[in-house]
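First up is the structure itself, then whatever we jot down about it.
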Amino acid sequence: MLLRIPVKFDRFGAILMYDVSEVVSLDNLGLVRGDTVFGLNRDVLLDYASKTAIVIPVKDEDLSLLEGVISAIPLASPIIIVSASSTDPVNVYKHELEIIKTHSKLTKRRAIVVHQRDEAWNEALSGTILEELLDSKGVRYGKGEGMVLGVLVASWLGARYVGFIDSDNYIPGSAHEYALAYYTGLAMANSRYSMVRIVWHYKSKMPPSDIILRKWGRVSAHTNSVLNKAITSYRRIETDVVKTANSGEHAMTIDLAMSIRWAGKYAIETYQLVYLLESCYLSLEFGERTCEMLPEGVKIIQVMTRNPHIHSEKGDEHIARMAAESLGAIFYSSLANSDIKTLIKSTLIENYHYYEDPPRPPIYSLEGVDPSKVISRYLMLSSMALDITTG
Ligand code: GDP
Ligand code: CO
């Protein structure tokens, strides 16, 4: 893959957020270098792939979609499936396990499958700061909660980088492209604390009736706009640099993943940016919190991919809840002054018929958590997890 090297960036305190970098070529076979583009040769690409664990959150998705996504991720990358799928009355989880077993048998890929509602978590996490993830039956439902487990497993595996790819993707080619964008983008950033976030690229043509172009296009437009306005009101210089507030498809260094705080449910993607801006911009400029990522600072790369993002449609209510949870990450942060709070409420009313204050996201810190201890304990206790070393 060749990425256009972004020329523009905005600096917010210790954060460098780069303008969108396009995928210039999906496959740079035969050419690595050009002016103002960045690509990796095969050896370096392989090195990045093997150091990147890909986390796939799944909750009762069509199994053929999950299988397509798994087939798309380069085999050098270990995969971590974090499932919250039902086990009763239909045991969807069992079918997911079968798919991973078959895949690993054929490919010998390193794969770990864990279930979020596994009571083994209760013991594995008790006494740690992550106890807050728990209810009486394992880790609470929520995409963000599942992603935190994915980060712990990735760290336990010894991965240097962790990437996330949703399991409800209809186009394996796009999942493949995300993985390449992660390896290439993280190499381009080349720093201890960096993150690559995907900007979806699609033209608005209606696909067949059983699939639909990702509606997060709409939620994303709102969240991006609110976040840019919140930054603008602090900085007093207008910006529209944030293009990936809701990007479920993103990757980062493990060092960054272990340093930031994580939000639960669908607030997670927006909150990553909110947390960084709060602790590494506002606190530095206006003195409240300290930025754990100093002296290196944080680099945020935004990559616009070529394949369309087509995922499963889950209805208007689902979209409204997501918009509220996502905007809630901004609403309760120190980025939101009263104008921004009013804007969030009117955005929710006008676009989603959502009349309440957005929900306050649960926030989790990984500080002091030892992933190797937690995950080895979990795997020892669990009768649901699957750890495939050689296939
Ligand atoms: P959207 O794509 O942002 O509209 O949100 P989705 O509802 O499609 O969720 C994104 C991904 O997270 C999909 O792969 C879901 O199957 C998965 N997911 C949703 N909720 C949960 C959860 O509670 N736990 C886990 N582990 N995954 C979830
Ligand atoms: Co989806």
Side-chain angles (χ1 to χ4, degrees), residues 54-70 72-73 79-87 92-93 95-97 99-100 112-118 121 133-135 137-154 163-172 174-175 178 197-198 200 202 207 211-223 244-250 262-272 308-327 329 352 361-362 364 384-385:
I54 302 288
V55 172
I56 305 168
V58 58
K59 184 167 175 238
D60 295 325
E61 300 294 351
D62 189 309
L63 293 166
S64 63
L65 300 193
L66 173 67
E67 196 179 358
V69 168
I70 289 168
I73 296 165
I79 50 172
I80 300 165
I81 319 290
V82 182
S83 176
S85 299
S86 52
T87 48
V92 177
Y93 181 60
H95 295 301
E96 291 168 357
L97 288 174
I99 284 174
I100 315 301
I112 321 280
V113 191
V114 301
H115 198 279
Q116 211 165 316
R117 307 295 292 160
D118 182 342
W121 290 116
L133 284 168
L134 300 167
D135 62 19
K137 291 198 159 55
V139 169
R140 273 186 240 147
Y141 283 110
K143 187 188 179 210
E145 284 78 355
M147 287 165 66
V148 171
L149 300 181
V151 169
L152 297 181
V153 177
F164 299 89
I165 298 183
D166 286 354
S167 56
D168 64 333
N169 196 318
Y170 280 82
I171 317 246
S174 65
Y178 301 147
R197 302 172 73 88
I198 303 294
W200 301 297
Y202 58 76
I211 52 176
I212 195 158
L213 280 174
R214 191 172 172 94
K215 272 212 191 168
W216 267 78
R218 185 165 58 126
V219 179
S220 266
H222 293 138
T223 320
T244 54
N246 289 115
S247 181
E249 269 68 30
H250 59 273
W262 293 73
K265 307 194 177 160
Y266 289 112
I268 176 59
E269 282 88 9
T270 306
Y271 184 73
Q272 292 167 343
H309 185 99
I310 300 177
H311 73 143
S312 53
E313 160 65 8
K314 289 160 184 158
D316 285 347
E317 213 175 291
H318 175 79
I319 302 282
R321 188 161 60 86
M322 256 192 246
E325 287 175 7
S326 163
L327 289 170
Y352 305 98
Y364 307 105
M384 293 183 89

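Remember, it's 1-based here, ligands and their atoms both numbered in the order they're listed.
- The pair E269-R197 fails the salt-bridge criterion, with no side-chain N (NZ, NE, NH1 or NH2) lying under 4.0 Å from an Asp/Glu carboxylate O.
- The Co ion (ligand 2) lies under 2.8 Å from an N, O or S atom belonging to D168.
- Heavy atoms of G142 approach ligand 1 to within less than 4.0 angstrom.
- With contacts defined as side-chain heavy-atom distances shorter than 4.5 Å, the pair R117/M384 does not qualify.
- Heavy atoms of H318 found under 4.0 angstrom from ligand 1 belong exclusively to the side chain.
- The shortest side-chain heavy-atom distance between V58 and I81 falls under the 4.5 Å cut-off.
- Distances between N or O atoms of P57 and those of ligand 1 include at least one value under 3.5 Å.
- For the pair M147 and ligand 1, no heavy-atom separation below 4.0 Å is found.
- The atom name of the N/O/S atom in H311 closest to the Co ion (ligand 2) is ND1.
- Between H309 and W200, the ring planes are tilted. Angles from 30° to 60° get that label.
- With hydrogens and angles left out, the side-chain atoms of H222 and Y352 include a donor and acceptor closer than 3.5 Å.
- Residue-to-ligand polar distances keep M322 apart from ligand 1: every N/O pair is separated by 3.5 Å or more.
- Of all atoms in ligand 1, numbered sequentially from 1 with element shown, those under 4.0 Å from a heavy atom of Y141 are 23 (O).
- The closest heavy-atom contact to atom 8 (O) of ligand 1, among the options H311, K314, Q116, comes from K314.
- A 4.5 Å side-chain heavy-atom check between Y141 and D135 finds every atom pair outside the cut-off.
- Where the criterion is an N or O separation shorter than 3.5 Å, residue side chain and backbone included, S167 meets it with respect to ligand 1.
- In the model, E96 has a side-chain atom that pairs as donor or acceptor with a side-chain atom of S85 under 3.5 Å.
- The side chain of E61, and not its backbone, has at least one atom closer than 4.0 Å to an atom of ligand 1 (non-hydrogen atoms only; side chain from C-beta on).
- Annotation for ligand 1: atoms under 4.0 Å from non-hydrogen atoms of Y266 are 5 (O), 6 (P), 7 (O), 9 (O), 19 (C), 20 (N).
- For E61, the salt bridge (Lys or Arg N to Asp or Glu O under 4.0 Å) criterion is met by K314, not counting sequence neighbours.
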